[in-house]
Q: 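Sharing a structure here in structure tokens format.
In what follows, every chain begins at residue 1, and chains take the letters A, B, ... in the order their sequences are listed. Predicted model, so just to flag it, every value in this text is computed and none were measured.
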Amino acid sequence: MTSPLYAQVALDVPLFTALSYRVPDHLRDDIALGQLVQVPFRNRSKTGLITDLTSELDDPALAPKIRDLYDLVDAEPLLSTNDLKFLSFVADYYLSPIGEVVRLAIPSAVRVEGIKHYRRLPDDQRPASATPLPLDLADALASLSSEEPSPVASLREAYPDLTYHRLSELERRGLVEVTYQESGSLKPKTERYFKLLPRPRGTLTGRLGSNQLKILKLLDGMPSLSLPEIREHIPSPYSSLSALEDRGLITSWEEEVYRDPFENAPVEAPPEFDLTERQLHAVNAVAEARNAGRFEGFVLHGVTGSGKTETYVRIIRDTLAEGRRALVLLPEIALTPQFVGVFRSHFGERIAVLHSGLTPAQKFDQWRQIRRDEVDIVIGARSALFAPINNLGVIVVDEEHDSSFKQEEGTRYNARDMALVRAKLASAQVILGSATPILESFHNAQLGRLTYLPMPERVAARAMPPVDIVDMRRGPHNPTAGPSNLLSARLLSELDNTLHDQKQAILFLNRRGFSPCVLCESCGHIFECPNCDVSLTYHRRMEALRCHHCDFSLRMPESCPQCQHTGIERKGVGTEQLENHLHELYPRARVARLDRDTGAGPRLQQLLSSFRRREIDILVGTQMVTKGHDFPDVTLVGVVLADMSLNFPDFRAAERTFQLLTQVAGRAGRADSPGKVIIQTYTPDHYSLLTAQNHDFSTFAQHELAQRQAMGYPPFGHLIALKFEGTHEGATVQATRDYATAARRLLRSDRTFGDNIAMLGPAMAPIGRINNRSRWQLLLKASDRALLRRFAIRTLELAKHFEAGQPQHRNVRIIIDVDPLNML
DNA sequence: AGCACGCCGACT
DNA sequence: GTCGGCGTGCTC
């Protein structure tokens, strides 16, 4: 009699703990940490991840509840122990249920949900029972087929009085056989392959049909061909194929094929390049850490055009040469076929790609290739951080400042931060690349926690573009300035020159739509979203008013709903209006717009490549234009209104503005033509503008860091935002207040907390209501991360207590946002 | 998250 | 009298 073995299984349910299951004897030898298993859960089966194996239960009282786990999903573990540690770290760090984190590591296509089925065992297979079965259960049992398993739910329909728990009595007594029938999960795709069998030459051929001969010819000299490949030549080869197989001339088999997201993307020859001094220095610094087998984080601070991608390529090549694998994380928008193409040209087939544009089947197949070690490089958006990569040697986080690395729902992780954690556990290196490193990176580099690798020059000695700041406070500069004094004389004359020289221009305006605000000129009524506390934006193309925070949209009204007056005024300018205005100013120029309304996916790619092919002269757009790739013929970049991001109610406003301006300015003059940047602003003296003008990151960083230090904001202090959301304003406010009261009491009673933690709020969120949910928040701030975390946990426990007895807190959700990025 | 159990209003 | 509303609590 061996001692029992228990598995801790993390399931895709919002539970903070993993659940215990008994490991059946026949699985004992095969089971391992990090393995995917199928387990019974309520009246279904679920896929979970083994986080621990123990011979004892931590709570013996649970023993009667414990069920046997059902089966292994795969012989091989999904995750290494390091990666398991990584997942629990993420769950701990973000105060998030382990199941929710595990879900990030197991794509939905791999999770299998099974519905429980019963089949009545024939009399001779049933154990003799001591006690007679209750009548209703006996009835239910009799209704079951002994041939076909039936879903338990159908039993419950037929016998409504039998609860699930009572029905399981049939299992306990061994009267039924239990199976779980999977529903609608993705399956690997297989294809039939054919090849020639060796045979004596010249025999039998005379009696073959013409299709059969064609097939033999096709297969001749080929290792094998798939059915679709044969069908390209012979539309209907089925009977011929089976005839050939019957005669023993060919053979066939089923083989798994991957649904390839690169389909039709040509692989070009790798561009040859020699590394600059700076690039080589970076490559060598990383090599040193790799050779020593130690974790190290690097800040690759390279101005736009300094050749960061080539540096990544070289570092990854060296890493692969050591037999280790690479992960490249990119902002979602940067995952273009072009970027992936660069990697494909250098590294060939052994690359997997993970991003939101893939179909579930493609994701599933990419994921399978990764976990079977069939690829060496994974390129993906933030969720690729959790890809099951074995023997990970390096993680590249490109454009590390990009806010899309932060997930804003569920487990609110930041892939940039967690890349450092995963790499540390794997003794791998991390490259944080950006032209505008975040201040956390820069500060940590100064402290020596990260290694700073500056690349301040563009390759081929190209100059950084000169930046002009135009003070818009001085009124209209010329009569064609357009609506709201939109374009200055300076910017217009540069546009003229650019068009005259047959070069391209990018105009950046961080606001989409035609007009962000619409009001009645008679009574002043402002059109607001009925579901959110924001004004509606007028979109001319759709002749509609739309909310940018929910999906509300309204046909543009003829008259004011309040006073019936027909004069409706549109205030402010968005990209749509700017595009319009440019069409009027330059009727012969080709003007296009790039923002979220332009569309995503293929349409976006189309627009970008048509701009690259110079089929567009002026590209108007929001943030999205700051992230594209090289556009060699762009010589002018205009920032139409630099103040927009500056006026955000957020301590990171200056940093964001600096990043935005630097990034968009970097679009100018990337090839041989020199570029020029014009920034229009109403705050021309702001340090984030002046430093961006001089491409002077370090002055900006020093200035900004001093301010952060004075306020105790990151990177000097750490934040946890507690966001309260509820359908009733009153209940939401009350919940926030009561929480704050409890937290204050704890701060007063425990000096360790009180002396080191600051609480800001309660305050209404900058957008007080979205989708009819009121939003309030509290901000916890401390320089000691661990202390802050402990405090948050303690107060959340308090919150649970007061919530239990307080009906006024109903329907209020508390969202914990560790290291919040977005305060809206 | 689901999903079952439980305790109060409009119907055969 | 019951069907069903969703409020509450549990999942090994």
Q: Please list all pairs passing the ring pair (Phe, Tyr, Trp, His ring centres under 6.0 Å) test where one or both residues lie in residues 42-65 of chain A, with sequence neighbours left out.
A: none
Q: For the pair made of CD in A:Glu100 and P in B:dA1, what is the distance, rounded to whole Å?
A: 8 Å
Q: OP1 or OP2 of B:dC3 sitting under 4.0 Å from any side-chain N/O of A:Arg42?
A: no
Q: Rounding to an integer number of Å, can you tell me how far A:Arg44 CZ sits from B:dG2 P?
A: 8 Å
Q: Using a cut-off of 4.0 Å on non-hydrogen atoms, how would the nucleic acid contact of A:Leu57 be classed: base, sugar-phosphate, or nothing?
A: nothing
Q: How long is the line joining CZ of A:Arg67 and C1' of C:dT11, in whole Å?
A: 9 Å
Q: Can you list the residues that meet the side-chain hydrogen bond (donor to acceptor under 3.5 Å, both in side chains) rule with A:Asn414, with sequence neighbours excluded?
A: none
Q: Stepwise, does the salt bridge (Lys or Arg N to Asp or Glu O under 4.0 Å) test hold for A:Asp551 with A:Arg546?
A: CA-CA 7 Å; A:Asp551 57 7; A:Arg546 287 171 58 199; over 6 Å; no
Q: Starting at atom CZ of A:Phe16, determine the distance to atom P of C:dC12, rounded to an integer number of angstrom.
A: 19 Å
Q: Show me the pairs that pass salt bridge (Lys or Arg N to Asp or Glu O under 4.0 Å) and involve residues 407-416 of chain A, at least two apart or across chains.
A: A:Glu400-A:Arg416, A:Lys406-A:Glu408, A:Glu408-A:Arg412, A:Arg412-A:Asp817
Q: Can you list every pair that meets side chain to side chain donor-acceptor pair (under 3.5 Å) and has a residue in residues 47-57 of chain A, with sequence neighbours left out?
A: A:Gln38-A:Thr47
Q: If I take atom CD in residue A:Glu409 and atom C1' in nucleotide B:dA1, what distance separates them, rounded to the nearest angstrom?
A: 14 Å
Q: How long is the line joining CD1 of A:Ile50 and P of C:dC12, in whole Å?
A: 16 Å
Q: Provide, to the nearest angstrom, the distance between the CG atom belonging to A:Leu15 and the P atom belonging to C:dC12.
A: 9 Å
Q: A:Phe86 and A:Phe386: aromatic ring centres closer than 6.0 Å?
A: yes
Q: List DNA chain B stems (3 or more consecutive Watson-Crick/G-U pairs, under 3.5 Å)?
A: B:1-11 with C:1-11
Q: Taking only side-chain N and O atoms of A:Arg103, does any of them lie within less than 4.0 angstrom of OP1 or OP2 on B:dA1?
A: no
Q: Taking only the side-chain heavy atoms of A:Lys65 (C-beta and beyond), determine which of C:dC12, C:dT11, B:dA4 contains the nearest atom.
A: C:dT11
Q: May I have all residue pairs that pass side chain to side chain donor-acceptor pair (under 3.5 Å) and include part of residues 92-102 of chain A, sequence neighbours excluded?
A: A:Tyr93-A:Arg785, A:Tyr93-A:Asp819, A:Ser96-A:Glu100, A:Ser96-A:Thr411, A:Glu100-A:Thr411
Q: Whole-Å distance between B:dA4 P and A:Lys116 NZ?
A: 12 Å
Q: The side chain of A:Phe41 lies closest to which of these nucleotides: C:dC12, B:dC3, B:dA1?
A: C:dC12
